[in-house]
K.L.:
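Take this structure first; my questions come after.
All chains are named by letter (A, B, ...) in the order of the sequence lines, taking the proteins before the strands, and each is independently numbered beginning at 1.
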Amino acid sequence: MRVKLCALLAIATTLGLSAPPASAQQPVVLKVAIVQQIDSMNPFLAVFQSSTEIGRLMYDYLTAYTAQDQSVTEGLANRWQPSPDRLTWTFTVPEGKKWSDGVPITARDVAFTYNLMLTDEVARTANGSFVTNFAEVTAPDDRTVVIRTKTPQVTMLALDVPIVPEHVWSKVGSIKDYANDQMPVVGSGPFVLSEHVPGQFIKLQANRTYWRGAPKYDELHFVYFQNSDAAVQALAKGEIDLVNRMAPAQFDSLQGKAGVTRNKAMGRRFTELMINPGAQTRTGELIGDGSPVLRDVRVRRALAQAIDLDALVARVNLGYAEKGAGLVPPVFGKYHWQPSAAEARTFDPAAAGAALDAAGYPRKADGTRFPLRLIGRAGRAYDEQASEYLKRSMSDIGVPLDVRLVSDNQLNESTTAATYDLAFSGWSTNIDPDFVLSLHTCAQRPGADGKGGTTDTYFCDETYDRLYAQQLSEFDEARRVEIVKQMQARFYDQVPAVVLAYENALEGYRSDHFARFTTQPAQGGVIMAQNGMWGYYGAEPAQRTAQAASSGWTGFAVAGGVVAALVAAFVVLARRRRATAGERE
Amino acid sequence: MRLAGRFGGAALSLLMVAVLGFFLFRVVPGDPVVSMTRGRPSTAAMQAELRAQFGLDRPLHEQFWSYFTSLLQGDLGTSFTFRRPVSDVILERLGPTLLLVGTATLIAVLLGLWLGVRAAWRRDSVFDKVTTGVSLTLWAVPTFWLGMLLMMVTGDLFPSRGMRDTDTAPDFVSQALDVGHHLVLPSVTLVAVVCAEYALVMRSSLLEEMHAPYLTTARAKGLRDDLVRRRHAVPNAVLPAITLVFLRFGLVVAGAITTETVFSWPGLGLLFYDALTGPDYFLLQGLLVVTAGAVVVMNLLADLLHGVLDPRVKVV
Amino acid sequence: MLELKNLSVHYGPKRVVSEVDLTLAPGQTLGLAGESGSGKSTVAMSVLRLLPRTARVEGEILLDGDDVRTMSWGRLRAVRWASASIVFQGAMHSLNPVRRVGDQIAEPMRLHGTRGSVTELLEQVELPREKARAYPHELSGGQRQRVMIAMALACGPRLVIADEPTTALDVVVQAQVLAVLKRLVAEQDLGLLMISHDLSVLAETCDDLAVMHRGELVERGRTREVIANPRHPHTAALTAAFPVIGDPAHRWADPAPAPEPLLQVRDLVVDYGRTRAVDGVDLTIGRGEIVALVGQSGSGKTTLARTIMGLRKPSSGRVIFDGAEVARSGKALKAFRRQVQLVLQDPSSALNPRHTVFDAVAEGLRVHGLADDQEAQVTAAVERAELRPASLYLESLPHELSGGQQQRVVIAGALVLRPRLLVADEPVASLDASVRGEIVALLLRLRRELGLASLIITHDLGLAWQIADRVAVMHQGKIVEQGSVEQVLLTPSHDYTRALLRAVPQV
Amino acid sequence: MNRMGRTGLAGAGVLAVAALVALVAPLLIDADSLDVTRVTAQAWQPPGAGHWLGTDHTGRSVALLMAQGTGTSLFVGLTAAVLSVGIGTLVGIVSGHFGGLLAGTLLRVTDFFLVLPALVLAIALSTVLPRGLGTIVLAIGLTSWPSTARMVRAQTLTIEARPFVERARALGGGHGHVIARHVVPSVVPLVLVNATLAVASAIVAESTLAFLGLGDPTRISWGAMLHQAQLHGAVPQQAWWYLLPPGLAIVVVVLAFTLVGRALEAVVTPKR
């Protein structure tokens, strides 16, 4: 009986092994690792970066940014015209663009989408900020969209709102409960969502009728990874084709790996060290418990001068970053600001110490001046390491740091409640600098009840606010750039935060599977997390002979062999035992 | 009477879990709305809207009451992150966890009990020493570390993540093989740790019975040694072990968190880990209620099963 | 049929059986008597080679002429149960708790290919056939023992070894089981080797008697002769330990004048949930009087004693001590407990294994805050309990003492508080026969010297005969008969008392 | 000496060494050599001369980190075990000795905590409370006591059912007397065994929490090292020298505690 069973098992195992994974006429697939969860496939609700990125592949926006230099280019609309008072914008949606189900895309779809957001509070969840200034959106005919705004708005060509098909969405009852998972999902982008298994993967098919032309491969798969470590490993093994957001060490580990090409790109992110400038509410009440000494701008400047930004970039970022200066990273070249030699604070602990002496904070008998607290996020490699350096630098000028690394939530809590002296923070910026600049205006501070604040640094400066208002209504780009730079200079001078570094986006791909990707911008740009879908859309498959998938199956063979050997041993043993039954107890 | 008491106790436990879950996660610092909108253009008005949407602006006791009443109707609330009913999100992930934990438990039970019986029956033999030594060592091994080591050692032999490849042929055999292929490392990791415990428990349980007089009776009757073991000793000794297996099964579900984290296995453990960073209150509560509920139910099952297997225990 | 030649058994360096020679012919019944540790069970187990691996067996064990020691395992398995079977001690544990008794009886039959039916076997031991479907825990002690007997007879062996088959059974049940065993042995002409510490049980059943002492066979002969004229002093001690009711030589109590009452129990009722354990009991104990409370297990006698001590709350009724009602709590109860002391059945468990003799005896002093002069008081109490010199014992731990010594420590722990009443729950039941007499004598001497009254709770009518002034018989929570020892035990008036007396095995 | 005794002794030996390392390491190790800002060695160096266990992602010596981490791991293990066993013993004795509502409630609570998946609760607790060693200790201690409570309660009930406790009561002894003289002394050995095993599981729990990134990031512990190793990509780098030692150290120390615990158990529980 037992023997029979074992034999059966053995047969089953060998059968399992001999059946190879079916692989006839395999489509060309680009497999991309994502580390962040997908919160929703409904573009009105999806707020996670990962979801937005997939949304860009499914739905085109009204306008787009070129891969070359991120300038505005054709999206669904190919022409646009503001009125002289800058309050009315007219967009033209050309003929010939189609939804993935063949229905033509019209201006009415655009108007429908914006009006849905204007009327339905839930539809504003993700992208509401783009339409708050809208007064009215209409589509006088199938080709024309007219948007009237309440006040002149410079960001009218940066409306990052996915446009959805009216013929599908007008039937949706409650936006809140709509998961948008009727596969394939009707869209206008280069790819069509065809399958989503939460926590596992997302599959998109190439949109053969895409108006810019079909992508050069068949399917795009996003595969979920719990951490980037696993993703990097999978890339090294060839299980996936594209990974981003690598840690410097992981990036280094891929050096010289056959079949893998690394892409060190300029990132959209900057990391900053916030210095609590004496947080106040909009009504001027002090809140939080920031150290009072930091209200003195001379102290903030001295602290900033004592930080060796070059060393941080070299040791913590392992060189994969640019030294920080203004609020706009160099990837968005024209708005990026660098201090002139006169303005720049060069690293000089001695000068910093002298400045503190002069400001009235001499060293005490024990060599310290005043203690400060530093909050960072536990589990973020940068914070964990940079805090060590900062601790050292600050103690060199007589400021002992109490470093507390806390959870994401606790960090948010502290920064919102202004219960910090120094804190790590960071932002991802957009092509238009408006948002990142707005974070530092007085109006962003919380109300009298301490709630409703969206300020980053609790910065409130008249000069800065005046410049902010100016740039918002400046439609001459060159002059706007100039104002934006002035704002950054002011920010740099007042130091509510020290921009530590612009981190590189570290990406890697299987160049043996995909020969080339389109980066944005063309020079030193990123493949993933673009302001657009060029990276995925422009990927060109390499000439391959065979998919490398079979290599993984050796593992099964090994396991099967072990099982078979065990079964055989068991059978032999059982036989032997039966034979000797009489002599045994 | 006793049965009613059992059910009542289980229900009370679940109720306490629900209450604890609610308040425990309300203490988690951080405003979920801030977390939700972080790094995105958002205005104070939008945040307030979101807060209202999720009922976060209401007083705590009202929130609790509405949470509680809908819980009684099986509604676990709506996940902040996924914008979908928590029960749906959890159900989605239940399958992979059950597959992993089920496979691992099955193997671990069979292997562990077998090893434990053999080791105890030949106490102090080489087999016993090796089994006990290995079991004790494995018991000391942190699960996640074992997983990482296995991953590093096996190199390219097994996939490093997830439950299946995205480009496997859709027919059943290929899919099953693919899942099996992915299942090897996580289940081996889980088996190694769980099996060790079962083996040790089974061993000590059988050792307890080794000197029982009824075994002498059985020997005196002329039974072969292995018959004495199989017919008399094991049926008695296996009872506590089976109870433990059931008790553990619930806990293993929770214990799979680290394994699932290491191997990106798309189950409840991974979901729990993700929910913590939100913090996704309702999801966390739901997960706590579900995992604790699993343990409660397993406890109950263990009790009932014990009553069936052991005639001395009467479940009326 | 069975022949033991020069049998010695060692456990490591310890020799537990030394050079025993014994033969048993078919149809013969042999009793093997001895105290605990005398090696009698080891002899029984060696017959079927059931001793643990660590045992070293020397000599010959011939079963039907074959030496069990040298048989192959296969042969041995064939011999086991078919040639000789065993009725084990403590059927609760000797039966597999998770299998039906019918299966367990049938198992050896299937194994050895014996024909027969379980039903028939059950009928032989006077059990209804449906009991085959019962699990061991669903049977009473007597029924389980009958199952063991049925099982032993399943393969029609010619030799049955019964190892303490009736220990832990009630007198009445014991009598029934012995009757069944006796009948079957006679009917089927079996050889019976019966092992017991209780001479009276062996005397009931066996024609021949062998006595073991410290691993050696000290005496062997016809049962009547051995008991009537013991040649070995140990045999004599054993026989003396089992008092014969009605024999004045075994009545050690001095006649005492009718005393004035010390403790009075009036209409006491105790309920355990829905069952009434003590049902309206009236009982009086005079100063310096020894009263025996006898009854079967479950009759409520232990509950009565606990309630008198204030360890259980009565449902109704009163306990009056020295003219005053006993308080249920607080200081008054504590004071009462100083005057009344409890002596428990099993001295080894009545002493905390971690406490030295000194600690155990001094415990009462500490509880009552009588700390001054502790050492002298403890020494005095210990010596009074006849552990002399006290200094030899004070630092000992309980497991270093023998059972008798332990019981003396318990008594010393009671004496140290100078009580006026001793409540003793089966004070000698777990003691070896030879020690038993000494403890009985000690209790009597304490009464004589200190005027200490005692309430002795026992199932053993012989003990009552030996020690008590008066006897109260308890049955189903009620006292059915009480009076002087002679009156109750010699001329019982209640049916239950008569049934009890009938069940006592006669030497 | 029997096998149990020998392995127990071996375990004790390992623990003695670990304790010594934990005590001596902070005194001998130059603070600068563990300061990422002062370290001069190259990162990710495999074992070799100079760094006989290689270096980590910042160039610190893994061997030194190991030594430094010993103290944290042992400290957390010990204090969490003391906390857990302390609560467990108290609850166990109280619920075992006193009947009635109090015992019922305590029993209910114990059962409840027994049901809760300890790891899940510990993770939740360590997110709720501020980061730090104290939190870890609390999270582990507060979630692992029920089994001790169960066991102590069972032992208390066993002891209380013994005739010698009845005798003590009959002598007039009150709750205090019974608990102090009889229950506690007989529970202590068991508690000791339990504590030893609790240390073992607390060390594993600490490493798990640290691995999940919930530990005290400013302190070096074995679990934290594994967390760092994973965070900075030790597996893809095949940096076995960074991954292996902390895990092995955990295994060895936990095993040592377990062996000592089992040896103690064999001594404590009477042979039949």
K.L.:
Would you mind checking if C:Asp425 and C:Arg306 are paired as a salt bridge, meaning a charged N to carboxylate O distance below 4.0 Å?
P.N.:
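Yes, C:Arg306 and C:Asp425 are salt-bridged.
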
K.L.:
Mark yes or no: C:Arg312 above the aromatic ring of C:Tyr272, with NZ or CZ under 6.0 Å from the six-membered ring centre and no more than 45 degrees from the axis.
P.N.:
yes

K.L.:
Using a cut-off of under 4.5 Å on heavy-atom pairs, state which of C:Leu342, C:Asn352, C:Val367 scores highest against chain D.
P.N.:
C:Asn352

K.L.:
Relative to chain D, which segment of C:Arg354 carries a heavy atom at a distance below 4.5 Å: side chain, backbone, both, or neither?
P.N.:
side chain

K.L.:
Evaluate salt bridge (Lys or Arg N to Asp or Glu O under 4.0 Å) for C:Arg436 paired with C:Asp460, printing each intermediate quantity in order.
P.N.:
CA-CA 12 Å; C:Arg436 171 192 154 113; C:Asp460 181 354; 2.8 Å; yes

K.L.:
When only pairs under 4.5 Å are counted, which of D:Ile159, D:Leu171, D:Val165 shares the most heavy-atom pairs with chain C?
P.N.:
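Highest number of heavy-atom pairs under 4.5 Å: D:Leu171.
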
K.L.:
D:His177 versus chain C, heavy atoms under 4.5 Å apart: side chain, backbone, both or neither?
P.N.:
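For D:His177, the side chain is the part near chain C, not the backbone.
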
K.L.:
State, without any angle test, whether D:Ser84 and D:Ser144 hold a side-chain donor-acceptor pair at a distance under 3.5 Å.
P.N.:
yes

